[in-house]
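By convention in this document, chain letters (A, B, ...) are assigned in the order of the sequence lines, proteins followed by strands, and residues within each chain are numbered from 1.
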Amino acid sequence: MNDAIWAGTVALTGHEGAELEAYLARPLSDTPRGGVVVIHHMPGYDAANKEIVRTFAVNGYAAVCPNLYSREGAGVSPDDQAAAARAKGGVPDEQLVGDVAGSAAYLNGLDHANGKIGVIGFCSGGRQSFLAACSLQIDAAVDCYGAFVVNEPPAEMSMKVTSLISKAGDLSAPLLGLFGADDSFPGPEEVGVLSAELDKLGKEHEFHSYPDAGHAFFAVDRPSYRPAAAVDGWKKILDFYGRHLSA
Amino acid sequence: MCTYLTKKIKLDGAAKGASGWFTVSDGAVYVDHPFHACHEHTLNIDFTNPGEGPSARVAVELTEEAALALIEAIQTALAAAPPGLASASGPRAAS
């Protein structure tokens, strides 16, 4: 077995031709493989997201995480980019879709790409993963505890974020949703409403809510980490992509 | 959760960042996952000058208790000084 990977920073073209910094990891073997676009959370492009990208490569996928805040300037540290992007109201939905489309095209242009694309996002990226799968032709989408997919954000939140439930009919891919039963954003009721809506629309989906886990249970560098939920969650993600991203 | 609420304010002062002192013109206050502090959520404050680019930033990530203690300390310090001593328009005349 050849489990060696290559990982490092690359440049790719995002929404409206913008050059984005991105972190790529891919197997060194010549086995045909699917691609995975990893959407980082709102605090930005960080070490934990890069580790997630490498994990996909170790498991046989080419994976890339675009720095959604690249437009805040080259050579600026990712935490400063995140703060600047937040002060401007965050990433507009249209721009996110364009950046994911560019990331998917980049993956499909790599040697040994089989043409299948998965998306995955955590926290705000969970909502954006759903958005991407409702806006682009995707083969498998994973939403890890994304809030505001169903519910509108509270009125005092001034960001450009709206419910996506009206787009559910356009969902182009099977959806795996992984949630913490103790989370409030999204709470179990919001998860239930989304599941019921997808049932009604006949959209393939598979949701799991873990007991004794709240928000961000995959985050190994944060107190919210819940090993049992995270270990099982990774197993479910790899099983899901194994079924939907093989040629 | 990633909270999307960002309270932005205009500020007038200076701060010392990674590349030295700069004039602070803006601030942002929000509760979200910290970048560095070992807590799930913190009260984050950015002291910035957007005119000098994203790197003109001093960031702090505080627990709720620390943030409230900071507010109290600021109010105590201002109350202990003559009115207007640190005002942009100078000390107010005693009435």
Might you point out which heavy atoms bring [X] and [Y] nearest each other, and give the distance in Å?
X      : Y     : result
A/R222 : B/H39 : NH1-O, 4.2 Å
B/Y30  : A/A83 : OH-CB, 4.3 Å
B/S55  : A/D80 : CA-OD2, 3.6 Å
B/D32  : A/P43 : OD1-CG, 4.5 Å
A/A84  : B/P54 : CB-CB, 3.9 Å

For [X], I'd like to know if atom [atom1] has over 12 heavy atoms of other residues, nucleotides or ligands within 6.0 Å.
X      : atom1 : result
A/D170 : CG    : yes
B/E52  : CD    : yes
A/K236 : NZ    : yes
B/E64  : CD    : no
A/E94  : CD    : no

Exercise. Between B/D46 and A/R86, does a salt bridge (Lys or Arg N to Asp or Glu O under 4.0 Å) hold up when you go through it step by step?
Worked result: CA-CA 11 Å; B/D46 293 328; A/R86 170 184 277 274; over 6 Å; no
For this session: Name the region of B/P34, side chain, backbone, both or neither, that has any atom closer than 4.5 Å to a heavy atom of chain A.
Result: both
Problem set entry | Donor-acceptor under 3.5 Å (B/R57 side chain, A/Q81 main chain) | no
Exercise. Most heavy-atom pairs under 4.5 angstrom with chain B, which of A/D46, A/V76, A/D221?
Worked result: A/V76
Seminar exercise, completed: Interatomic distance, NE2@B/H33 vs SG@A/C123, rounded to 0.5 Å, equals 3.5 Å
